[in-house]
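What follows is one structure encoded as structure tokens, with my remarks underneath.
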Amino acid sequence: MADIFDILGPIMVGPSSSHTAGAVRIGSMARTLLGERVVSADILLHGSFADTGHGHGTDRALLAGLLGMDPADLRIPNAFEEADKVGLKYTFGEIELMDAHPNSVVMDIVGESGLRLSIRASSIGGGRIMVNELDGIEVAFDGSFNTLVIHHVDEFGTIAEVSRLLSNYRINIANMRLSRHRRGGEALMIIETDQTVERKIIDWIREFHGIAKVTYYDKNKEAEYEA
Amino acid sequence: MRLDSMEAICLGAKEAGAQFWEAVLLYDMEERQCIREESMAKMLTVWTAMVEASDSYTGQRRSVSGLVGGDGLKMRMYNRRGESLCGDYVGRVIAEALSMAESNACMRRIVAAPTAGSCGVLPAVLIPLWNQQKLTQRQVIEALYTASGIGAVIASKAGISGASGGCQAEIGSAAAMAAGALVHIQGGDMDMICNAVAIALKNLMGLICDPVAGLVEVPCVKRNVAGAMTAVSAADMALAGIESRVPVDQVIQAMGEVGRHMPLEFRETALGGLAATPFGKEIKQRQKERE
Ligand code: SF4
């Protein structure tokens with residue numbers, strides 16, 4: 001059902017909820033999932049993002065998100081300058097993806113400690129977004145829940161352990177999806193939760209056997225926890 | 001109660017012994033599990049953002065394509081000369097609609113209402129009253145609940161994006177929301193709100209979405225004026241006791257039908273209408289060279 005603040009909102013920098021506000025969200029989602037300050041970004045625009053992206057400020061919006069701004073940030077129009085100021089290097093190009101939403105983007109980003117993330121995401125209307133691929137693994141989540149992204153080795157028992165821990169802390173799992181890399185071995189657990197996942201729980205998950213990396217997207221704070 | 005028909009909201013309001021706006025507030029409290037004060041505080045941030053956008057407009061900025069910017073200022077200056085055919089209030093409404101829609105095109109901060117492209121309509125009819133101290137904050141907040149309830153119904157029954165239903169879905173919906181808001185402010189009852197919504201939607205039905213070069217600039221900015229003027233006239237008609245012959249929920253259904261039958265060329269693809277004129281194509285070409 002409709003949230004009336006989706007009707008009167010979002011409060012955003014124009015001109016387009018899908019090409020601007022959604023693009024900021026994709027950028028900030030990518031930064032959160034990387035878990036640290038972004039120092040370089042190679043950005044490829046697909047479809048309508050490529051065709052009208054410049055006119056809609058999609059390029060600046062993506063950078064603004066990578067810099068940690070939200071869709072209402074007044075610095076979005078100056079994102080190029082802001083990026084230069086903090087030493088975020090970027091390139092823009094175009095790509096033609098198969099079967100992708102017309103407002104899609106592929107980004108390869110690198111963080112200050114050398115962490116890397118490759119993400120494909122789309123802006124699906126009204127400022128809402130969808131993450132479609134992470135590090136070559138197909139996913140589908142939209143940031144409307146608190147989201148745990150857990151990279152793990154595809155081993156017996158890991159999944160049960162994680163869900164047991166969450167249920168011990170009365171964290172309700174709204175959705176859980178598992179995806180494996182085509183080459184096998186590496187796998188991703190995407191867990192969407194109703195409640196906020198506290199820092200200490202995330203740290204515990206990191207200690208589990210077979211866990212390679214955990215990132216967390218907090219829908220209220222768009223907070224970042226380092227991997 | 002669900003926000004899926006005007007009738008449902010009106011019935012819900014009657015059952016709760018509440019007004020239209022309050023039924024929408026109650027829905028929000030239920031939906032987002034929050035208390036009255038929280039919901040109203042959030043609505044106030046929406047209003048504050050609208051007022052800030054209007055107050056900080058200078059008319060100096062230009063859009064990325066260079067097609068848009070400065071018209072709100074021209075209208076403000078013209079109004080000051082006192083020669084406006086529309087008179088004081090409507091003259092100001094036009095200026096506000098232009099300013100807000102331009103602000104959106106020029107990457108300033110606005111509130112999508114219901115979309116970014118149509119962000120000028122609702123604030124345009126409210127801000128002139130607010131600036132002349134003809135409105136209390138409480139009245140504005142109530143008017144915004146009224147508007148959002150109307151928008152939610154249209155979203156669920158017909159759609160509010162140009163890509164799904166043409167410009168009638170954006171500017172048309174915004175006009176309907178603004179018309180209902182005005183009726184509430186002027187003390188109209190629920191039936192009058194419904195009539196105003198129906199009249200506004202009928203008068204903009206069939207409007208296509210044909211943005212030049214795919215940008216939310218031309219014709220979007222001036223269409224915000226069309227939406228706001230439609231809202232004012234629809235509200236006045238409803239307050240005068242004029243009824244829409246076709247019941248409001250049927251009008252919304254019809255609008256959804258029209259949107260679904262609208263050719264793809266007229267739904268934000270920038271392949272038809274004004275976007276397909278020689279001028280439109282030229283701008284598109286110029287944009288491409290810049291990308
Ligand atoms: S023409 Fe299209 S993009 Fe412009 S305001 Fe209307 S619906 Fe929005």
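Chain A is the first sequence line, chain B the second, and so forth, proteins listed ahead of strands; every chain is numbered from 1.
- Nearest heavy-atom pair across A:Pro15 and B:Asn104 is O-ND2, 2.9 Å.
- The environment of CD in B:Glu7 is sparse: at most 12 heavy-atom neighbours from other residues, nucleotides or ligands sit within 6.0 Å.
- Contacts between residues 76-88 of chain A and chain B, counted as heavy-atom pairs separated by less than 4.5 Å, involve A:Ile76, A:Pro77.
- Residues B:Val64 and A:Arg60 meet the side-chain proximity criterion, which asks for heavy atoms closer than 4.5 Å.
- Contact of B:Leu215 with chain A is made through backbone and side chain together, with heavy-atom distances under 4.5 Å.
- Top candidate by heavy-atom pairs under 4.5 Å with chain A, chosen from B:Thr45, B:Ile110, B:Val111, is B:Ile110.
- By the neighbour-count criterion of 12 heavy atoms within 6.0 Å, atom NZ of B:Lys42 is densely surrounded, having more than that number from other residues, nucleotides or ligands.
- Within the 4.5 Å cutoff, the side chain of B:Glu31 has no heavy atoms near those of the A:Ile4 side chain.
- Both the backbone and the side chain of B:Leu144 come within contact range of chain A, each with at least one heavy atom under 4.5 Å from a heavy atom of that chain.
- Atom CZ of A:Arg116 sits in a sparse spot, with 12 or fewer heavy atoms from other residues, nucleotides or ligands closer than 6.0 Å.
- The CG atom of A:Asp51 sits 6.5 Å away from atom NZ of B:Lys288, with the distance rounded to the nearest 0.5 Å.
- Neither the backbone nor the side chain of B:Lys284 has a heavy atom closer than 4.5 Å to any heavy atom of chain A.
- Residue A:Leu8 comes nearest to B:Val46 through the heavy atom pair O-CG2, 3.8 Å, listed as atom of the first residue, atom of the second, then distance.
- Contact record, B:Val216 with A:Ser16: CG2-CB, 4.2 Å, taken as the closest heavy-atom pair.
- Note that CD1 of A:Ile11 and CZ of B:Arg109 are 7.5 Å apart. Values are rounded to the nearest 0.5 Å.
- Residue B:Ala49 touches chain A through its side chain alone, counting heavy-atom pairs closer than 4.5 Å.
- For chain A, the nearby part of B:Met177 is the side chain; its heavy atoms alone come within less than 4.5 Å.
- Sparse packing is recorded around CD of B:Glu30, with 12 or fewer heavy atoms of other residues, nucleotides or ligands lying under 6.0 Å away.
- The shortest non-hydrogen separation linking B:Ala116 to A:Ser17 is CB-N, 4.0 Å.
- Judged by distance alone, the side chain of A:His56 and the main-chain N or O of B:Gly214 form a donor-acceptor pair under 3.5 Å.
- Proximity to chain B is limited to the side chain of A:Thr20, based on heavy atoms less than 4.5 angstrom apart.
- Rounded to the nearest 0.5 Å, atoms CG (A:Leu74) and CD (B:Glu52) are 8.5 Å apart.
- Of the atoms belonging to B:Arg108, it is backbone heavy atoms, and not side-chain ones, that fall under 4.5 Å from chain A.
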